[in-house]
Amino acid sequence: MKIAIVGGGPGGLYFAALMKQLDPAHEITVWERNAPDDTFGFGVVFSDETLGGIENADREFADAMARRFARWTDIDIHYRGRTHTVGGQGFAAMGRRELLGLLQRRCQDLGVRVRFSMPAPDTGALRASYDLVVGADGVNSQVRAAHRDIFRPTLDQRHNKYMWLGTDRVFEAFQFFVRQTEWGTMQVHGYPYSETGSTFIVEMHEDVWRRAGFDVTEETDFPPGASDEQAVERVRELFADELAGHQVFANNSKWLGFTTVRNERWHHGNLVLVGDAAHTAHFSIGSGTKLAMEDSLALAACLHEHPDTTEGALRAYEAERRPVVESTQRAAQASLEWFENIGMYTHQEPTQFCFNLLTRSRRITYDNLRTRDQEFADRVDAAFAASQGLPETAPAMFQPFRLGELELKNRVIVSPMDMYSAVDGVPGDFHLVHLGSKAMGGAGLVMTEMVCVSPEGRITPGCTGLWTDGQRDSWARIVSFVHERSTARIGLQLGHSGRKGSTRLMWEGMDDPLPDGNWEPVGPSPLPYGPGSAVPRELDRADLDALVADFVAAARRGAEAGFDLLELHCAHGYLLSSFLSPTANRRTDEYGGSLRARLRFPLEVFDAVRAAWPAERPVIVRISSSDWVPDGNTEHDAVEIARAFIAHGADAIDVSSGQVTKEERPAYGRSYQTPFADRIRHEVAAATGTAVIAVGAIASYDDVNSILLAGRADLCALGRTHLYDPHWTLHAAAEQEYRDAARQWPLPYRAGARKPPSARTDAVRPRLSLLRAEGSAQTVHLRWLPSREAATVV
């Protein structure tokens, strides 16, 4: 096979070496526009898992790397004048220059032709002359740019500024220096990469960077390879304490903004992208070099497995790598945004701040840290209990919580879930069993599905309501059961379907209009929810007054039924949510236009409901914190929406997202909505004592504990988890061997409070998939990849 590789960085060179080992007959040429010694940056970091894959693929190269590694197991966090050490990490680093030197020599020994200081020929010409063309030319890839119509890249330029430096201070562990300055928060990421040096990355938000006077020059003012010496000197002065008398070195060091690269496709015909040309992940969770070399391992393995079809090999490569890379990018995005918003957290008590920093990407969790450093985990537990004024240390999810005047035994909520199983709006035996089982399952609070305020306010004919006294009495039966048979509290979610009404039951076609028996949907503007949806009638003043009256009447019936709490549903594109969103509200009167105007009607409803609801019982609000479309509400709008409801007396903000338009493109992933709750809690709610509820793909008790301990939310709502296991909270108590778990169990079930001896709680572990290639000069083992199951968990 004739192979052309554009880019002589670690990804390109490593792929060349692997392919040459698999078959010395491969004719491989690498073009690198820089000279062999033109290496920018300092250290590169590898995890133990990645190193295992490299060792399986090429033991000789892995041994050469190992001889040059700086290794560490601790992370030191310097914050508020104290150093907090957390152990058990397991990383290694080496100099980027040394790594490239090893790879260059390996390629030379294997017979790979590397053309330095030479731009690659036109990609079209390469594709015509070679069997495979690999774009490994980095974040500013010319290969990708030349074929942007094929790869369809998105380049997300982020808000922080950073500068990559080195120092002759040899750190003993990974270092996070968090500095409060007169201009704002600055941070340093530092780690050793040799016996003589460490990487020293200075980072800060662009606003802090400007206030500190670093914007006197622009990146374009420097020729390639030159450093911003004025800024470097300023860094030496600012971080003199962190450098402790040691030098700081520059190497093409200038202020940069991180660019997150994503591509809809990574390959076309005989052309493929690897490494930063295909994807980037923020340096705060690892190294782009690591990802690039993993790409090379996978690509080489897939080509070896599919010798007869290059196109099939490239399809296999992308199918195999994309889930892993996207999982990494989700974690990197969470970490990147955490550092962009680090100033939100500097009010936190030091132990909680350190835990928050360590778990920022959601890849490290409370259980991970307890396994690695039990002493630190104990400190986190004790600090959380002390911050809550609680005398005992218990798993965070089992610490009680006071929501207004309402006492909750723990911090787990069964999230509202539409069941579409009512007749004429009346909840029946199904709802009694459904909500009753969840209440006996151990959660502190069980929420109803959205209960509709009028027949026209239903989503489907199967939705429940509270527009009649008969419905009230049926709800009262369910509330009484929960109160009599469990220690849970039960909350009423009240709402109106708006433009999403008059549709089929979910399993018959979610959001599809009814074939007959329709009622007229209404909304702030005559805009349908999506293609095929009915056009709603625009509400006039009389309609708005009638709707307020419907909400008030339903709230009063809910209070009479005995509900402990009321949640006003202002999320998911239903009526009040559609008033809030510019994608659904195009009114030109006082209820449309600015966010303040779009808030007007939802706040009128909230005020009326709050007045009708018993003062001693909480009223909370669920909002969609992002519409997930370019012209919709963002997390910044969500902060202002939350601020408005809090000012009007909301006891908690339940932070969901999306479902406002069919055009949405959510960034799904584990706990993917929690960052919105985190922002609202730290920017608005904490100062007012208002609770924040996190919801959305929270699937494990470890997730719940991690969210609470980091201060990202006060309570966690889980929906599908409780459909899978109605007794999930009780089982979580048993799995954690919580000593007071038995108190969480209903008396008839208490014999089951201990974990059965046969129960298994093994964590998902990555698999090693080894490919043996015979017939070459040596036996080569290729491809180390996490299993699909492990990737989805991350």
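Residues: numbered from 1 along the sequence shown. Values reported hereafter were calculated over all heavy atoms of this structure, with side chains retained and with hydrogens, waters and symmetry mates removed.
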Would you check if there is a donor-acceptor pair between the side chains of [Y] and [X] at a distance under 3.5 Å?
X: Asp702; Y: Thr365; value: yes
X: Ser581; Y: Asp627; value: yes
X: Arg600; Y: Ser594; value: no
X: His572; Y: Ser656; value: yes
X: Ser625; Y: Glu635; value: no
X: Asn410; Y: Gln399; value: no
X: Asp564; Y: His483; value: yes
X: Arg712; Y: Thr359; value: yes

Can you classify the ring geometry of [X] versus [Y] as parallel (below 30°), tilted (30 to 60°) or perpendicular (above 60°)?
X: Phe430; Y: His434; value: parallel
X: Phe579; Y: Phe601; value: tilted
X: Phe353; Y: Tyr79; value: parallel

Taking all heavy atoms of [X] and all of [Y], pick out the closest pair and write down the distance.
X: Ser454; Y: Asp550; answer: CB-OD2, 3.9 Å
X: Ser657; Y: Tyr672; answer: OG-CE1, 4.2 Å
X: Ile478; Y: Pro427; answer: CD1-CB, 3.9 Å
X: Ser577; Y: Val660; answer: OG-CG2, 3.7 Å

Charged N to carboxylate O under 4.0 angstrom, [X] versus [Y]?
X: Arg541; Y: Asp545; value: yes
X: Arg402; Y: Glu405; value: yes
X: Asp381; Y: Arg370; value: yes
X: Glu640; Y: Arg643; value: yes
X: Arg360; Y: Asp678; value: no
X: Asp714; Y: Arg411; value: no
X: Arg670; Y: Asp703; value: yes
X: Asp637; Y: Arg598; value: no

Would you say the ring centers of [X] and [Y] fall short of 6.0 Å from each other?
X: Phe563; Y: Trp475; answer: yes
X: Phe676; Y: Trp628; answer: yes
X: His496; Y: His569; answer: no

Could you tell me the separation between the [atom1] atom of [X] and the [atom2] atom of [Y], rounded to the nearest 0.5 Å?
X: Trp467; Y: Arg472; atom1: CH2; atom2: CZ; value: 15.0 Å
X: Leu568; Y: Phe606; atom1: CG; atom2: CZ; value: 7.5 Å
X: Ser474; Y: Asp424; atom1: OG; atom2: CG; value: 11.0 Å
X: Arg489; Y: Leu406; atom1: CZ; atom2: CG; value: 5.5 Å
X: Leu715; Y: Leu408; atom1: CG; atom2: CG; value: 6.5 Å
X: Cys716; Y: Tyr701; atom1: SG; atom2: OH; value: 15.0 Å

Between [X] (side chain) and [Y] (backbone), is there a donor-acceptor pair under 3.5 Å?
X: Ser502; Y: Trp519; answer: yes
X: Ser624; Y: Ala571; answer: no
X: Gln736; Y: Ala732; answer: yes
X: Asp543; Y: Asp540; answer: yes
X: Arg679; Y: Val639; answer: no
X: Thr634; Y: His636; answer: yes

*Checking side chain to side chain contact (heavy atoms under 4.5 Å, CB included) for the pair Glu456/Val522: CA distance, chi angles, key distance, verdict?*
CA-CA 9 Å; Glu456 299 76 23; Val522 297; over 6 Å; no
*Output, in order, the C-alpha distance, side-chain angles, deciding distance and verdict of side chain to side chain contact (heavy atoms under 4.5 Å, CB included) for Ile413 and Ile693.*
CA-CA 9 Å; Ile413 299 173; Ile693 303 168; 3.8 Å; yes
*Step-by-step side chain to side chain contact (heavy atoms under 4.5 Å, CB included) determination, Trp728 to His731*: CA-CA 5 Å; Trp728 179 83; His731 294 155; 5.7 Å; no
_Thr448 and Leu435: CA distance, side-chain angles, deciding distance, side chain to side chain contact (heavy atoms under 4.5 Å, CB included) verdict_ = CA-CA 7 Å; Thr448 70; Leu435 294 169; 4.3 Å; yes
